[in-house]
Amino acid sequence: RAGGGTLSGEGPVARRMESDGMVEILMILLCAGILISGILAVRLDSLVGAVVSAGLASLFAAVTYVILAAPDVAMTEASIGSGLSTAIFLYAVRRTGEDD
């Protein structure tokens, strides 16, 4: 048979099918993390906590992009969405104070 694969179920396709369940569970957990972090960002009374929670949601999204085989989008999301935006928001909160 061309390609050197076997029909015994030990090839890369069979391994991929076994790992699909784990990937699906991981994606569900990451999406739940994004939702929970987003809800916390809206509901928290502390501005710093809300900014950190929004940054965490962006970080979960970056990991999701890595799993979906989009490393360029993941790097952009991690550096700008999670890193730079969070740093700018924290700087703004610190400069203006957290007083209402």
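Computation of the quantities below employed the complete heavy-atom set of this structure, encompassing side-chain atoms and omitting hydrogens, waters and symmetry-equivalent molecules.
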Practice prompt. Please check if Tyr65 and Leu30 belong to a single hydrophobic cluster, counting links between Ile, Leu, Val, Met, Phe, Trp and Tyr side chain heavy atoms closer than 4.5 Å.
Written response: no

Fill in: Spacing of Ile36 atom CD1 and Leu40 atom CG [to the nearest 0.5 Å]
7.5 Å

Practice prompt. Identify the heavy atoms of Ser53 and Leu44 that sit nearest to each other, and give their distance.
Written response: CB-CD1, 4.4 Å

Discussion item. Side-chain heavy atoms nearer than 4.5 Å, only ILVMFWY residues, links allowed to pass through others: does that put Val66 and Leu26 together?
Written reply: no

Fill in: Side-chain (Thr76) to main-chain (Asp72) donor-acceptor, under 3.5 angstrom
yes

Discussion item. Using a 3.5 Å distance criterion without hydrogens, assess whether the side chain of Thr86 forms a donor-acceptor pair with backbone atoms of Ser82.
Written reply: yes

Practice prompt. Examine Met27 and Val73 and state if one hydrophobic cluster contains both, with Ile, Leu, Val, Met, Phe, Trp and Tyr joined whenever side-chain heavy atoms are less than 4.5 Å apart.
Written response: no

Worksheet item: Among all residues two or more places apart in sequence or in another chain, which pass the side-chain contact (heavy atoms from CB on, under 4.5 Å) test with Ile34?
Response: Phe60, Ala61, Thr64

Worksheet, complete the sentence: Shortest non-hydrogen pair, Ala41 vs Ala50, comes out as O-CB, 3.3 Å

Discussion item. I need the Met75 CE to Ile80 CD1 distance, nearest 0.5 Å.
Written reply: 11.0 Å

Fill in: Nearest heavy atoms of Ala57 and Ser37, plus distance in Å
CB-CB, 3.6 Å

Discussion item. Same cluster or not: Tyr91 versus Leu84, using hydrophobic residues (I, L, V, M, F, W, Y) connected whenever any side-chain heavy atoms lie under 4.5 Å apart?
Written reply: no

Practice prompt. To the nearest 0.5 Å, tell me how far Leu47 CG sits from Thr96 OG1.
Written response: 7.5 Å

Practice prompt. Indicate the atoms forming the closest heavy-atom contact of Ser58 with Gly81, along with that distance.
Written response: OG-C, 3.1 Å

